[in-house]
Peer 1: 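Sharing a structure, written as structure tokens. Questions coming.
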Amino acid sequence: MSSQLERTPTLTIFCKVVDNYGDIGICWRLARQLQHEHGVAVTLWVDDLASFRRICPEVAPESDLQVVQGVAVRRWRGQDGAYTPDQVDDIVIEFFGCDIPPGYIEAMAQREARPVWLNYEGLSAEEWVEGCHRLPSMHPRLKLTKHFFFPGFTSKTGGLLRERDLGRERAAFQSDPAQHRAFLRGLGLSESEIDAFKVSLFCYPFAPVAQLFEAWKNSAEPIACLVPEGVAAEAVQAFLGAPARAGASATTGALTLRVLPFVAQPDYDRLLWACDLNFVRGEDSWVRAQWAGRPFVWHIYFQEENLHHKKLRAFLDRYAPGLDSLQAFSLQWNGAGPAAACSQDWPTLWSDLKNELPTALERTLAWEARMWENGDLATNLLEFAGSLR
Ligand SMILES: Cc1cn([C@H]2C[C@H](O)[C@@H](COP(=O)(O)OP(=O)(O)O[C@H]3O[C@@H](C)[C@H](O)[C@@H](O)[C@H]3O)O2)c(=O)[nH]c1=O
């Protein structure tokens, strides 16, 4: 980048929170990395500071402008407003096609040096992604071109978000039992829960959680299932026989269920590193699981007409060849398995998956090494932006 530009670029991200935490989770991770590792002056416009605060407790939910870990965070209230060209940064990122304010687009067109305008798209393992990554799209009226930027799993995509020190930090944590025991104690786990087979559970409400709990109760070894507050609340509450608040826990048979507080993003990573198996969902936690060095099961974000099943299969085709039990379990977990399978199959699905975990762990590590070769998304994005200037 530095060879293309005389100075470090400035950059703005527009983020609309559609629901949950992934939209802001991804934008915040990207913003932080660009600032911390590349020295980019980043402004993050976001329309839902309350959601932001759950993954980053320093955020003040009422503030119109605040600096959080070196990133200027601005509350985005709506589409109105006039902007001047000098308010426009060198690079403008529109996250997941959220429409940025028309007044801002006019200001972009009036800026003497046109900004690089990128539409940051969702992560998918489908083949068409390679063909669409970096495609231009001309503005119908103004002299402006937007380019599509896709994260992905191959060298012909933008790669995955990954911080520079992530591998080193994870290795230090995982090779130090005292550190990860202290971390888990800090989350409220007892010593026996720390010694059990630990599963973190992050999924959408329609996952067949109750059936899985039934299977786990009858497991041959103790299982500690750690669920962030608010996740699978109905099934968790039914198991606990009490409100699913952080700190609540109960044991039936081999299963101890514990509700965890929702933690800041870096601690969520540590949780993934500390568990033996992670259930993740959406996009950002799914990617973090791929960098955690632990087997994982993905609950994909629902899309109309079961489009998400196609995306799930595309990922399993890339990631899980030969991991038959992981494939069967994942399809069933996402409601994409054979229709005949019903609740009593869960003990078998679980014991098959459990037996396959050593192989799944090897696959996770090999996959990670492959993904590493694609570079990290923030660096790839800056390189692409530099090539357009
Ligand atoms: C459980 C937990 C998660 N997190 C973070 C990790 C991630 O950054 C974020 C969760 O984001 P995700 O895993 O993507 O799942 P998600 O379901 O929360 O988010 C999204 O999924 C996308 C595919 C959709 O586009 C979005 O609209 C959104 O629904 O929350 C914490 O920081 N602390 C926690 O305790």
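In each ligand, atom 1 is the first atom listed, and ligand 1 is the first ligand listed.
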Peer 1: Using a 3.5 Å cut-off on N or O atoms only, is Gly282 in polar contact with ligand 1?
Peer 2: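 In fact, backbone or side chain, Gly282 has no N or O that close.
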Peer 1: Considering heavy atoms of the protein only, find what lies nearest to atom 5 (C) of ligand 1 and give residue, atom and distance to 0.1 Å.
Peer 2: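 Ranking protein heavy atoms by distance from atom 5 (C) of ligand 1, first comes Ile55 CG2, 3.7 Å.
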Peer 1: Between Tyr268 and ligand 1, does any nitrogen or oxygen pair lie at a separation below 3.5 Å?
Peer 2: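 No, no N or O pair falls under 3.5 Å.
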Peer 1: For atom 33 (N) of ligand 1, what is the closest protein heavy atom, and at what distance to 0.1 Å?
Peer 2: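 For this ligand atom, the closest protein heavy atom is Val263 O, 2.6 Å.
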Peer 1: Answer with yes or no whether the side chains of Ser325 and Asp352 bring together a donor and an acceptor at under 3.5 Å.
Peer 2: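 Looking only at side-chain atoms, Ser325 and Asp352 do not form any donor-acceptor pair under 3.5 Å.
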Peer 1: Check each of Tyr21, Phe262, Phe202 against atom 4 (N) of ligand 1 and report the one with the nearest heavy atom.
Peer 2: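 Nearest option to atom 4 (N) of ligand 1, by heavy atoms: Phe262.
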Peer 1: Among protein heavy atoms, which lies nearest atom 25 (O) of ligand 1, and at what distance?
Peer 2: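 For atom 25 (O) of ligand 1, the nearest protein heavy atom comes out as Phe96 CE2, 3.3 Å.
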Peer 1: Look at ligand 1 and say whether Trp28 reaches it with a heavy atom at a distance under 4.0 Å.
Peer 2: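 No heavy atom of Trp28 comes that close to ligand 1.
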Peer 1: Any N or O on Asp19 sitting closer than 3.5 Å to an N or O of ligand 1?
Peer 2: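 Yes, Asp19 has an N/O under 3.5 Å of an N/O on ligand 1.
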Peer 1: When you measure from the side chain of Trp216 to the backbone N and O of Pro222, does any donor-acceptor pair fall under 3.5 Å?
Peer 2: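 It does not hold such a pair.
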Peer 1: Heavy-atom contacts under 4.0 Å between Ser285 and ligand 1: side chain, backbone, both, or neither?
Peer 2: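 The part of Ser285 near ligand 1 is both the backbone and the side chain.
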Peer 1: Here's one to test your reading of the geometry: is the NZ or CZ of Arg162 within 45 degrees of the ring axis of Trp372 and under 6.0 Å from its centre?
Peer 2: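 Yes, a cation-pi geometry.
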Peer 1: Would Arg288 and Tyr268 count as having a side-chain donor-acceptor pair, cut-off 3.5 Å?
Peer 2: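 The criterion, which ignores hydrogens and geometry beyond distance, is not satisfied for Tyr268 and Arg288.
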Peer 1: Under 4.0 Å between a Lys/Arg side-chain N and an Asp/Glu carboxylate O for Lys217 and Glu214?
Peer 2: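 Judged by the 4.0 Å cut-off on N to carboxylate O distance, Lys217 and Glu214 do form a salt bridge.
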Peer 1: Taking Arg294 for its side chain and Cys275 for its backbone only, find out whether a donor-acceptor pair lies under 3.5 Å.
Peer 2: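 Here the side-chain-to-backbone pair exists.
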